[in-house]
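Report on the following structure.
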Protein chains: 2
Amino acid sequence: MARTTGSDGEKTEAAVREAAASLIARYGYEAMSMRRLAAEVGVQAAALYRYFPTKEDLLFTLMREHMEGLTAAWETARPTTADPEARLAAYVRNHIAFHIERRHSTHASNMELRSLSHDRLTRILRMRTAYEKELRAILRDGAEAGVFSIEDTGLTAMALIQMMTGVIVWFRPGERLSVAEVTATYLSMTMRLVGAKIDGTEERHVHAHAQLRA
Amino acid sequence: MARTTGSDGEKTEAAVREAAASLIARYGYEAMSMRRLAAEVGVQAAALYRYFPTKEDLLFTLMREHMEGLTAAWETARPTTADPEARLAAYVRNHIAFHIERRHSTHASNMELRSLSHDRLTRILRMRTAYEKELRAILRDGAEAGVFSIEDTGLTAMALIQMMTGVIVWFRPGERLSVAEVTATYLSMTMRLVGAKIDGTEERHVHAHAQLRA
DNA sequence: GAATTAATTGAACGTTTGTTTTATTATGCA
DNA sequence: TGCATAATAAAACAAACGTTCAATTAATTC
């Protein structure tokens with residue numbers, strides 16, 4: 001056999017990306033063999049090499065597109081106002097929404113950095129640093145304006161990002177909490193953490209659903 | 001050749017554990033081959049099987065001892081007082097100190113759970129849940145006593161743990177901040193996050209060193 | 001409808017993997 | 001001193017790995 005009926009390069013490539021992200025999230029990059037990935041797509045292993053020259057290329061592509069997507073989402077969501085609180089709220093909302101929606105590629109981007117070559121690792125880290133810099137700027141502006149009370153801007157930014165990204169570890173859509181509820185709670189935790197005078201705005205909507213579990 | 005001069009089972013086993021934790025933290029469990037681990041210890045691969053029947057046994061041992069150590073450290077550090085704030089402070093201090101001190105095995109315990117068999121995964125998760133339950137109890141007590149203001153106890157506990165454990169991602173001993181400074185800052189962030197009326201206690205000591213970086 | 005291009009298969013390559021087996025030597029004890 | 005055993009080396013195993021190549025067929029183009 002050779003080319004199969006109905007085969008389409010674009011569809012196959014998309015299926016490969018999706019299956020790869022899912023397998024890497026579930027079992028890890030090293031544990032995902034090209035044969036198993038191919039089986040998931042419904043294709044022979046050799047066919048994968050039409051789309052990605054090496055396994056590492058595939059990983060890098062997933063990571064690069066994840067970071068590009070995250071940056072692009074923030075470019076769109078970023079408010080024009082100078083108000084630090086509104087900007088921080090937008091950052092938190094965008095970060096959580098994006099990571100929940102793409103939790104498979106988030107897993108890859110956060111856990112598999114060590115499998116990249118030096119050059120590619122540097123490129124991904126550069127993108128990540130640029131994204132995190134936006135948060136530090138917001139925190140710094142807020143601290144200087146006196147609306148936040150922050151001891152260490154860099155450290156607070158790291159703490160916030162780890163707290164927010166950690167959502168993907170335990171959050172499963174359709175369980176106890178909705179995305180909106182989780183986001184609202186994280187928003188008010190964030191605001192308290194940075195010492196904002198006014199709490200998160202949607203807090204009232206959530207109170208009815210919260211405190212159900214000990 | 002066979003047995004080498006000065007060879008000692010206990011020393012070798014300890015060296016294997018340490019080297020394994022370090023290699024897994026740096027390259028991941030799947031990427032660590034038994035031959036490379038053996039080379040790191042200065043021994044042939046076959047010698048490892050005197051101490052650990054399989055590679056997965058080695059991983060499980062590292063994880064189990066990590067969790068046992070964490071639990072034991074908390075048993076010792078846990079204060080007798082009922083005051084939720086003092087208990088939360090002790091929890092934060094213990095968690096951060098332990099994870100910074102053992103950041104190699106922390107990496108293994110957090111990132112390599114998927115490489116465990118079902119049974120062993122369950123055992124590790126049971127230990128972890130028991131440890132996290134302590135934090136939820138503190139938060140609940142504080143919320144009920146009115147000294148904390150918390151929307152969702154379970155969600156706040158997860159957020160705090162991810163924030164604290166995340167320290168190992170960026171913290172390197174001997175760089176900008178000392179362990180004491182990092183702990184103090186995280187303590188006051190924690191207290192603000194849970195809505196404690198009084199801030200963390202050591203805050204004043206740190207102010208001089210903080211805010212050096214944008 | 002013939003020629004060309006795109007998509008895929010199936011088999012094979014050399015490496016590396018975790019693990020086992022057998023032989024050999026150092027060490028601790030009688 | 002001699003004996004038991006603890007600790008290791010060296011070689012080998014089958015299985016799985018990422019990757020390549022030639023052959024083959026579906027889709028597209030002219």
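Computed over heavy atoms, backbone and side chain alike; hydrogens, waters and symmetry mates excluded. Just so it is clear: chains get the letters A, B, ... in the order the sequence lines come, proteins before strands, and each one is counted from 1.
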* To do: Kindly state whether the ring of A:Tyr91 and the ring of A:Trp74 have centres lying under 6.0 angstrom apart.
  => yes
* Could you check how far CG of B:Leu48 sits from C1' of C:dT17, rounded to whole Å? => 14 Å
* Asked: Is it true that A:Tyr186 and A:His95 have ring centroids separated by less than 6.0 Å?
  -> no
* Structure fact -> The nucleotide from C:dG18, D:dT19, C:dT8 with an atom nearest the side chain of A:Tyr51 is C:dT8
* Between atom CD in A:Glu30 and atom P in C:dT17, what is the gap in whole Å? -> 10 Å
* Residue whose closest nucleotide on DNA chain C lies nearer the 5' end, A:Val43 versus A:Arg35 -> A:Val43
* How long is the line joining CE of A:Met32 and P of D:dC17, in whole Å? -> 11 Å
* Looking only at side chains, do B:Tyr51 and B:Arg17 share a donor and an acceptor under 3.5 Å apart? -> no
* To do: State, without any angle test, whether A:Ser188 and B:Glu151 hold a side-chain donor-acceptor pair at a distance under 3.5 Å.
  => yes
* Whole-Å distance separating the CE atom of B:Met34 from the P atom of C:dT20 -> 10 Å
* **Gap between atom OG1 of A:Thr190 and atom CZ of B:Arg192 - 0.5 Å precision** => 12.0 Å
* Distance below 4.0 Å between B:Thr12 side-chain N/O and D:dT8 OP1 or OP2 -> yes
* Asked: Could you give the CG-to-C1' distance, from A:Leu37 to D:dC17, as a whole number of Å?
  -> 14 Å
* Taking only side-chain nitrogens and oxygens of A:Ser33, does any of them come within less than 4.0 Å of OP1 or OP2 of D:dA16? -> no
* Structure fact -> Side-chain atoms of A:Arg50 come closest, of C:dA6, D:dG18, C:dT19, to C:dA6
* Between C:dT17 atom C1' and B:Lys55 atom NZ, what is the distance in whole Å? -> 8 Å
* Structure fact -> The nucleotide from C:dT20, C:dT8, D:dG18 with an atom nearest the side chain of A:Ala47 is C:dT8
* B:Gln44 CD to C:dT17 P, straight-line distance once rounded to whole Å -> 14 Å
* Would you say a side-chain N or O of B:Tyr49 is under 4.0 Å from OP1 or OP2 of C:dT22? -> no
* Whole Å only: how far is the CG atom of A:Asp57 from the C1' atom of D:dT19? -> 13 Å
